[in-house]
Amino acid sequence: MATQDYNIHSKPREECMGKDELKFKAVVEKQSLIATLENLMDSIQVGRLYVGDGQQGILLVPAPHLKLEIRAESKKDKEKICMEISWRTDSKEFAFKEPELVISSQAPEITYESEAGDADQEYQESNEQTEEELR
């Protein structure tokens, strides 16, 4: 599964003030990541989610309403997406609101307001003029 830097760290409940914790880090191939995400989706659908390596792990029971936090970053030489899924295990639930997030392999067409459109037109004309001067 992992090609390098494989590490599972688990702390029993008594060491972390009332919580079980498991952290996993690995460099994996894309297909392995896809399989892991598919297993995550299937487990949430079933309502039982075991995370571990067979020796140590945590069994979670997802609630009907889940809190989803996603952060995406793009820097010069690194891109990442961080996803956190959480839920309440007591009788309280998160307030439910249908998300307005789109995750897709296709970026939507971006339409600019007239000011941005004018700036784009000026930039394009400037580039065309520079190209003509270079000829």
Side-chain angles (χ1 to χ4, degrees):
M1 179 176 166
T3 56
Q4 58 177 253
D5 190 26
Y6 175 85
N7 181 24
I8 285 190
H9 178 69
S10 178
K11 294 182 183 177
R13 185 175 297 263
E14 59 274 2
E15 290 182 24
C16 340
M17 298 179 55
K19 70 177 182 180
D20 288 333
E21 182 179 280
L22 181 130
K23 293 183 180 181
F24 174 81
K25 274 187 175 183
V27 175
V28 298
E29 294 183 2
K30 189 187 302 187
Q31 288 300 357
S32 179
L33 173 65
I34 290 168
T36 300
L37 292 173
E38 288 173 343
N39 289 338
L40 175 65
M41 291 184 329
D42 292 345
S43 297
I44 290 172
Q45 181 72 32
V46 169
R48 292 174 53 89
L49 174 62
Y50 172 79
V51 181
D53 64 358
Q55 302 291 322
Q56 54 187 342
I58 298 174
L59 180 63
L60 306 172
V61 181
H65 295 129
L66 308 167
K67 181 178 180 183
L68 175 63
E69 296 178 42
I70 296 178
R71 182 177 42 127
E73 275 183 37
S74 180
K75 295 182 181 179
K76 182 180 177 183
D77 60 347
K78 182 179 179 181
E79 296 179 328
K80 71 178 176 179
I81 185 163
C82 299
M83 181 182 300
E84 182 175 323
I85 304 168
S86 60
W87 56 90
R88 307 262 331 175
T89 57
D90 56 14
S91 60
K92 300 176 188 174
E93 284 198 22
F94 293 119
F96 177 72
K97 181 183 178 208
E98 193 63 41
E100 298 173 11
L101 175 70
V102 174
I103 296 179
S104 173
S105 62
Q106 299 293 318
E109 242 182 76
I110 298 174
T111 55
Y112 298 98
E113 295 183 24
S114 61
E115 288 180 11
D118 293 342
D120 282 347
Q121 183 65 31
E122 290 172 17
Y123 177 77
Q124 185 177 359
E125 289 171 2
S126 171
N127 278 346
E128 288 172 0
Q129 182 179 7
T130 303
E131 287 176 7
E132 286 178 18
E133 291 172 358
L134 292 173
R135 289 184 200 158

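If you read the sequence from its start, that first residue is 1, and numbering goes on from there.
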Here the pair of heavy atoms bringing P62 nearest to G47 is CD-O, 3.4 Å
Distance col, row I81:CD1 vs S74:OG, nearest 0.5 angstrom, shows 11.5 Å
OH of Y50 to CG of L22, rounded to nearest 0.5 Å, is 8.0 Å
Rounding to 0.5 Å, atoms CD (E73) and SG (C82) come to a distance of 6.5 Å
Under a 3.5 Å distance rule, please check whether D53 uses its side chain to pair with a backbone N or O of Q56 as donor and acceptor.
yes
### Message
I'd like to check I85 versus M83 (side-chain heavy atoms, cut-off strictly below 4.5 Å). Are they in contact?
### Response
yes
- Message: Would L40 and L49 count as a side-chain contact (heavy atoms from CB on, under 4.5 Å) here? Give the steps.
- Response: CA-CA 7 Å; L40 175 65; L49 174 62; 3.7 Å; yes
W87 and V61, any side-chain heavy atoms less than 4.5 Å apart:
no
So CD of Q31 and OG1 of T36: to nearest 0.5 Å the spacing works out to 11.0 Å
- Audit row: M41, L37, side-chain contact (heavy atoms from CB on, under 4.5 Å) steps and yes/no: CA-CA 6 Å; M41 291 184 329; L37 292 173; 5.6 Å; no
message = Before you tell me yes or no, could you show the steps for E69 and R71 under salt bridge (charged side-chain N to carboxylate O under 4.0 Å, His left out), namely the whole-Å CA-CA distance, both residues' side-chain angles and the distance that decides it to 0.1 Å?
response = CA-CA 7 Å; E69 296 178 42; R71 182 177 42 127; over 6 Å; no
In this structure, CD1 of I58 is separated from CD of E21 (nearest 0.5 Å) by 7.5 Å
Taken to the nearest 0.5 Å, the spacing of I70 CD1 from L68 CG works out to 4.0 Å
Exercise. Is L66 reachable from V51 through a run of hydrophobic residues whose side-chain heavy atoms are each under 4.5 Å from the next?
Worked result: yes
